[in-house]
Amino acid sequence: MVPAEVPDAEAEPDGLEDRLRRFVTIWSRAIFPATATSLTRPEFEQHLLPLARSLRDALHDRIFDATPAHGVGAALVGAHCTDPDALARSLGVVDAYLVLYCGEAADPAGELAADELRARCARLQATFAAGFAQALRERTLAEQEAIARSALAARGAAEDALHATEARFRAVFEGAAIGIGIADLDGRVLEVNDTLTRMFGGLEHHVRSRNVSEWVHPDDAPQVWGMYKELIRGERDNFRTEKPFFRNDGTVLWTNLTVSLLRDVDGVPQYQLALLEDTTERRLLTLRLRYEATHDALTGLPNRTLFFERLEKALAPARETPKDAAKDGTRDEANSGTKEAGPAPASAPRPAARFGLCYLDLDGFKAINDSLGHSAGDRMLVEVADRLQSCATAPGEMVARLGGDEFVALTTGPDTQREVGELAARILGALATPISLDGREFTVRGSIGIVEGKAGESTAAEVLRSADITMYRAKSAGGNRFEHADAEADARAITRHGLTTSLPTALERGEFFIEYQPLVHLADGTVHGAEALVRWSHPTHGVLGPDRFIPLAEHTGLIVPLGRWVLEQSVLQARAWQEELAAGTFAGPVRINVNLSPAQLHHPGLVSDTVEVLERIGLPPGSLCLEVTESALIGADEDLLKPLRQLAEMGVDIALDDFGTGYSNLANLRRLPVSVLKLDRSFTQGMQQHPADPVDLKIVEGIVSLAHGLELGVTVEGVETGAQAEHLRRLGCDTAQGWYYARPGPPEMLHTLSMADAV
């Protein structure tokens, strides 16, 4: 086939080499599209140039030899021009353009006739085609031989790989540390390894003769056989689960089981492969560790962890199956001190619609530890645990030790309102029998707080907190008794706890302030002084009186820094009043009364702190009166009275507050360093109306006479009416305070009272 492009003869170059390159360009254009070479078009032309030169030289040799054309055809195949169309196009180019560009121009002497050139060109074409065909045939044969060798090598490699794979599979199958079994889709066991045989007791025929469906165990997970059926049907490729098996001797083998489906090349299920890891020892160890983690090491009772798990289940409103109840460790763990109800249908609701909790704390157990030692105390706790366990034997009951000498008993069921009280009574009855330790008998007493209610209404922490609060209420009532939880009492206890925890920072944040209640001369009604009364401006509960937080401050020890702060602020205020009095802007009190708690009396820094405050602020000791309750001084020894004597000798007045409520011996007044008696309001309530109670009149008259005989002043608290004030004035009382005159208020309030007195 000759290309359609015919060069313009007038535009052809004159040089022989240029004409040869023109021939090569035409040849390249004709066959390049049919080649499979990776060369570019210019690179391909450079490759054809020596081939074209070889054809030109052969065309003009004196002794014609077409053999070079054979090599040119073979070289064309070597250049990946193997397409038959490439041969046809090459022959067309040689036929049409070889003589035209490389004929007469290459033979200027005209030695060869045109016919001879055409004849030689035809023979070159034939030889070219023969070389191309031979090279193509040899190339094809070589490729076929290479393919055959490769196929043979691949077959051999595949056979070797198959043999190696089978050997590896057999080595893995036989030497695996886990049990391996193969069964058909009907469940017939076809092959097992030695490890699996040993796991089931060592008798291979007992394993190979079994069907997979025979290995059902009561503790199988509910979904395991459902997944197995899905696998056999080809709906899943594998599943993994924990499964128990019965060994040949009847013992239980626990395993991690993995079952996989084996398919053929078309994806059709053929076999099932089971891998079993023996976890029996690990499970026993886990159960043992679980038992130790959830049971008290001393008594063997469930500990706080297990108790909270059981309590949370009892409080949960959800329905629960018997298997779920067994999983909480309260039925199938030996010696756990827990009894559960018998099996029930899986769809039945949990019967524990209510719960009852007894929180027990032994009374006086610390004294036993301190007197007999901790070893004897531990033996007593073990005996107490045994007795408690014998009290909780009914279904739904359990006993646990929370720590120390604190125990809890839990009962669940529909009638816990009655059962929990009976359980508490049984516990106290069981403790009543003396316990023998080291040849001595001890009677154990306990205080029990009871919480009972419906499941789902409270959390475990809330229930235990309420039981703890109630237990301490029973202990405060004398112990050896039980009390039922009371929501209002719980709220008060929680509030007290909140106040106790916030007390330390309240003083730092400046939440305390002082109000002053005037002390009035009964003879003329003038303001004599004022009593400082501390208040707490709580950010949540508002303004709290001293009765709400002073006992808490005494219990925590904060009363000492709080009392010192009250003393300092009160002395500062008294000093300010004195300065205003000197300036003529105030006609009121120059004395200040400050209360002392029993804890402050025992503090070694009472005297030094008081002296330091008075001296630093500049208030004379005679302007300060410290009030001490009568109950704090009942039976006081000289060590306790010594700091009061020192203050009294300095000129500080000491007032005996709440006089008449402590049942003290009146003769003791002679040895107390007091200068003022403050009568409790209970003595004067009968004087609020005319006529006054004659008994109250006689009592107060006797006290006033006694006090004045001992050179003591008399102040009366709680004066609320004018009649009451008049009676007290006639009886000879010196000063009084109460709402009749003024309620406690800011220091500015006393300006109004003092100015009214001055007018």
Side-chain angles (χ1 to χ4, degrees), residues 151-288 323 327:
L152 183 61
R155 186 181 300 110
E159 292 176 352
D160 292 341
L162 178 61
H163 178 74
T165 300
E166 291 178 350
R168 285 195 297 270
F169 171 77
R170 182 56 54 185
V172 170
F173 187 81
E174 296 296 340
I178 62 173
I180 304 176
I182 301 176
D184 60 20
L185 298 183
D186 293 328
R188 291 187 297 269
V189 178
L190 304 177
E191 194 168 0
V192 296
N193 66 351
D194 292 340
T195 302
L196 184 62
T197 301
R198 289 193 299 270
M199 288 168 59
F200 278 89
L203 300 177
E204 182 179 352
H205 64 280
H206 282 182
V207 181
R208 293 174 64 93
S209 63
R210 304 285 295 275
N211 191 288
V212 172
S213 61
E214 299 176 18
W215 276 313
V216 177
H217 192 279
D219 290 332
D220 284 338
Q223 72 276 13
V224 63
W225 291 104
M227 292 189 297
Y228 176 76
K229 292 178 181 178
E230 293 175 359
L231 181 134
I232 296 302
R233 293 194 299 264
E235 297 173 2
R236 65 165 56 234
D237 290 329
N238 56 73
F239 68 88
R240 180 181 177 86
T241 185
E242 183 182 33
K243 181 177 176 6
F245 295 87
F246 284 115
R247 292 193 181 96
N248 299 329
D249 58 1
T251 59
V252 178
L253 166 69
W254 280 92
T255 68
N256 280 335
L257 171 66
T258 302
V259 182
S260 302
L261 184 65
L262 303 181
R263 303 175 183 266
D264 60 15
V265 293
D266 296 324
V268 179
Q270 294 292 312
Y271 304 100
Q272 51 180 311
L273 173 68
L275 306 178
L276 289 82
E277 179 188 5
D278 187 351
T279 61
T280 306
E281 293 296 329
R282 186 168 63 202
R283 179 179 176 82
L284 293 176
L285 177 60
T286 301
L287 290 176
R288 181 61 185 172
K323 183 173 288 293
K327 288 181 180 179

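Quick note: numbers below take in every heavy atom, side chains included, and nothing from hydrogens, waters or symmetry partners.
Closest non-hydrogen pair, G234 versus P269, comes out as CA-CG, 4.3 Å. Considering all non-hydrogen atoms of both residues, W225 and V216 come closest at CZ2-CG2, 3.6 Å. Minimum heavy-atom separation, T241 to A221: OG1-CB, 4.5 Å. The heavy-atom pair separating R210 from V189 by the smallest distance is O-CG2, 3.3 Å.
The side-chain heavy atoms of R236 and L261, taken from C-beta on, include no pair separated by under 4.5 Å. Side chains of I180 and T195 form no contact here, defined as non-hydrogen atoms less than 4.5 Å apart. Annotation: side chain of L190 is in contact with side chain of D184 (closest heavy-atom distance under 4.5 Å). No side-chain heavy atom of P244 sits less than 4.5 Å from a side-chain heavy atom of T255. No side-chain heavy atom of L284 sits less than 4.5 Å from a side-chain heavy atom of R288.
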Before you tell me yes or no, could you show the steps for L253 and F246 under side chain to side chain contact (heavy atoms under 4.5 Å, CB included), namely the whole-Å CA-CA distance, both residues' side-chain angles and the distance that decides it to 0.1 Å? CA-CA 6 Å; L253 166 69; F246 284 115; over 6 Å; no
The test is side chain to side chain contact (heavy atoms under 4.5 Å, CB included); show your working for N211 and R188 and say whether it passes. CA-CA 5 Å; N211 191 288; R188 291 187 297 269; 4.1 Å; yes
Checking salt bridge (Lys or Arg N to Asp or Glu O under 4.0 Å) for the pair D249/R247: CA distance, chi angles, key distance, verdict? CA-CA 5 Å; D249 58 1; R247 292 193 181 96; 5.4 Å; no
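Across L185, D237, V259, a single residue satisfies side chain to side chain contact (heavy atoms under 4.5 Å, CB included) together with L231, and that is V259. Screening K243, R282, R283 for a salt bridge (charged side-chain N to carboxylate O under 4.0 Å, His left out) with E277, the sole residue that qualifies is R282.
Distance OG/S213 to CG/D186: 10.0 Å, rounded to 0.5 Å. Expressed to the nearest 0.5 Å, how far CZ of F245 lies from CE of M199 amounts to 8.0 Å. Note: E281 CD to T286 OG1 = 11.0 Å, rounded to the nearest 0.5 Å.
Judged by distance alone, with hydrogens and angles left aside, the side-chain atoms of D278 form a donor-acceptor pair with the main-chain N or O of T280 at under 3.5 Å. Here the side chain of N193 pairs a donor or acceptor atom with the backbone of I178 at under 3.5 angstrom.
Taking the six-membered ring for Trp and thresholds of 30 and 60 degrees, F200 and W215 have ring planes inclined between 30 and 60 degrees apart.
Within 6.0 Å of the OH atom in Y271, the count of heavy atoms belonging to other residues, nucleotides or ligands does not exceed 12.
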